[in-house]
Amino acid sequence: MESGKKVEKVAKKRSAAVLEEGGDTCAVGNEVQSMLEKFGADVNKAMQVKQKHLESLTKNHMTGSQHKLQQLWSNYHGQRKKTTQQFSQRVSTAVQQWEAEAHRTEEQEEKLGNLFRQQQKILQQARVAQNQKLKVVRELYDQFVKNMEEMEKSQNEFLQASQEELKKEMATLQKKLLMEAQQQEMATVRKSLQTMFF
């Protein structure tokens with residue numbers, strides 16, 4: 001476009017110079033004008049061709065860019081969908097594993113709870129049995145102490161009774177021996193008297 005203007009300016013300068021120098025007829029001016037118009041038309045035609053070519057390139061570029069954008073968007077959408085699916089699958093797997101672990105933990109807690117209750121029941125039963133045995137031992141000890149006290153009391157009473165009986169027997173024996181001694185002594189005295197007087 002700028003080159004056409006430059007050519008037109010040059011042609012105008014030449015035509016002006018011709019008119020000034022030679023002072024030729026109008027035919028020369030018309031010829032120059034015709035040449036200028038033809039040259040301008042050629043330039044306009046060339047510019048239109050270039051403009052159409054540029055528009056075609058722009059259109060092709062836009063079409064290619066749009067295609068690339070669509071492809072990029074499609075790839076992005078597909079990658080995002082794939083990533084989302086993978087994430088969902090991983091989350092689902094993790095949740096399933098967590099639920100399984102939670103279920104196993106709950107079962108273990110229930111088993112431990114049952115075991116604890118069983119052990120607690122066994123300990124309570126053992127404690128009751130120990131208390132009962134301890135009670136039996138205490139009762140046996142109390143009965144033993146009572147029997148020993150009664151036996152000791154009975155022995156003391158028997159000893160006292162035996163001592164009293166022995167004292168009575170000793171007193172009776174002593175009295176009998178004394179009486180026998182007295183009788184023997186009287187018999188001796190009587191015998192002595194008889195011997196003396198007769």
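In this text, all values refer to a predicted model and were calculated from it rather than measured experimentally.
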Glu101/Arg104 under salt bridge (Lys or Arg N to Asp or Glu O under 4.0 Å): CA gap, chis, key distance, verdict: CA-CA 5 Å; Glu101 289 294 333; Arg104 282 195 291 270; 2.3 Å; yes
Stepwise side-chain contact (heavy atoms from CB on, under 4.5 Å) test for Lys135 and Asn131: CA-CA 6 Å; Lys135 184 179 179 181; Asn131 290 333; over 6 Å; no
Trace of the side-chain contact (heavy atoms from CB on, under 4.5 Å) decision for Leu112 with Phe116: CA-CA 6 Å; Leu112 288 174; Phe116 175 76; over 6 Å; no
Full working for side-chain contact (heavy atoms from CB on, under 4.5 Å) between Glu169 and Leu173: CA-CA 6 Å; Glu169 290 180 356; Leu173 182 59; over 6 Å; no
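Expressed to the nearest 0.5 Å, how far CD of Gln86 lies from OG1 of Thr93 amounts to 11.5 Å. Note that CD of Gln124 is 9.5 Å distant from NZ of Lys121, once rounded to the nearest 0.5 Å. Atoms CD and OG1, on Gln85 and Thr83 in that order, are 9.5 Å from each other to the nearest 0.5 Å. Taken to the nearest 0.5 Å, the CD atom of Gln163 stands 9.5 Å off from the CG atom of Asn156. Distance check: Gln79 CD to Thr84 OG1 gives 9.5 Å after rounding to the nearest 0.5 Å. A distance of 15.0 Å separates NZ in Lys146 from OH in Tyr141, rounded to the nearest 0.5 Å.
In the hydrophobic clustering of ILVMFWY residues, with side-chain heavy atoms under 4.5 Å counting as a link, Val145 and Val136 come out apart.
At a cut-off of 3.5 Å, with distance as the only test, no side-chain donor of Glu110 or Asn114 sits close to an acceptor on the other residue. Judged by distance alone, the side chains of Glu107 and His103 do bring a donor and an acceptor atom under 3.5 Å apart.
More than 12 heavy-atom neighbours from other residues, nucleotides or ligands sit within 6.0 angstrom of CD on Gln125. Open room surrounds CD on Gln89; 12 or fewer heavy atoms of other groups in view lie less than 6.0 Å from it. Counting non-hydrogen atoms of neighbouring residues, nucleotides and ligands closer than 6.0 angstrom, the CD atom of Gln174 reaches no more than 12 such neighbours.
Using modelled atom types, no side-chain atom of Ser154 and backbone atom of Glu150 make a donor-acceptor pair closer than 3.5 Å. Not one N or O on the side chain of Ser92 forms a donor-acceptor pair closer than 3.5 Å with the backbone of Ser88.
Side-chain contact between Gln118 and Leu115 is present, with at least one heavy-atom pair separated by less than 4.5 Å. Annotation: side chain of Leu134 is not in contact with side chain of Gln130 (no heavy-atom distance under 4.5 Å).
When the options Gln182, Gln184, Lys176 are evaluated for a side-chain contact (heavy atoms from CB on, under 4.5 Å) with Glu180, the one that passes is Lys176. Results of the side-chain contact (heavy atoms from CB on, under 4.5 Å) test with Met151 over Gln155, Glu149, Lys153 single out Gln155 as the only residue that passes.
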